[in-house]
Amino acid sequence: MREFTLDGGAVRDRRDLHAALAQGLDFPHWYGQNLDALRDCLTDLPETRLTVANPQALEDALGAYAGRFLRVLEDAVSENPNLHLYLQKEAQ
């Protein structure tokens with residue numbers, strides 16, 4: 001099983017987000033670096049565990065885009081039984 005953890009604290013903007021996902025999930029070179037392309041790639045993944053660490057930091061950096069991003073992840077999980085999503089909250 002492929003595993004990738006996206007650290008929301010390391011994401012400063014949309015470009016960082018998509019670059020990290022493309023590299024961490026080994027997306028094809030033609031990945032469009034947008035939410036539609038992300039959904040397409042996620043629904044085609046083989047067995048994969050995707051953890052989003054520090055989702056609050058992601059929201060702080062990306063604003064409303066972070067919410068749309070998380071909805072795309074949830075939609076992809078419902079379409080691809082090989083994709084497993086975990087949100088890892090910050091330690092209190």
In Å and rounded to the nearest 0.5 Å, what is the [atom1] to [atom2] distance from [X] to [Y]?
X     : Y     : atom1 : atom2 : answer
Glu74 : Glu79 : CD    : CD    : 12.5 Å
His84 : Glu3  : NE2   : CD    : 10.0 Å
Arg68 : Leu38 : CZ    : CG    : 13.0 Å

Give a yes or no on whether the backbone of [Y] and the side-chain of [X] come within a donor-acceptor separation of less than 3.5 Å.
X     : Y     : result
Ser78 : Ala76 : no
Asp13 : Asp16 : yes
Thr43 : Asp40 : yes

Atom of [X], atom of [Y] and distance for their closest heavy-atom approach:
X     : Y     : value
Asn80 : Asn82 : OD1-N, 2.8 Å
Ala53 : Thr5  : CB-CG2, 3.9 Å
Val52 : Pro55 : O-CD, 3.9 Å
Pro28 : Cys41 : CD-SG, 4.0 Å

Taking the side chain as every heavy atom from C-beta outward, state whether [X] and [Y] have any pair of such atoms under 4.5 Å apart.
X     : Y     : result
Gln33 : Leu17 : no
Leu42 : Leu25 : yes
Leu50 : Tyr86 : no
Asp75 : Arg39 : yes

Looking at Phe4, does the NZ or CZ of Arg49 lie under 6.0 angstrom from its six-membered ring centre and within 45 degrees of the ring axis?
-> no

Mind running side-chain contact (heavy atoms from CB on, under 4.5 Å) on Leu6 and Phe69 for me, showing each step along the way?
-> CA-CA 12 Å; Leu6 173 70; Phe69 164 68; 3.8 Å; yes

Partner of Leu85 under side-chain contact (heavy atoms from CB on, under 4.5 Å), chosen from Leu73, Leu70, Thr51 |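 It is Leu73; the other options fail the test.
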
Specify whether His18 and Tyr65 have parallel, tilted or perpendicular ring planes, treating 30° as the upper limit for parallel and 60° as the lower limit for perpendicular.
->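 Aromatic pair His18/Tyr65 classed perpendicular.
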
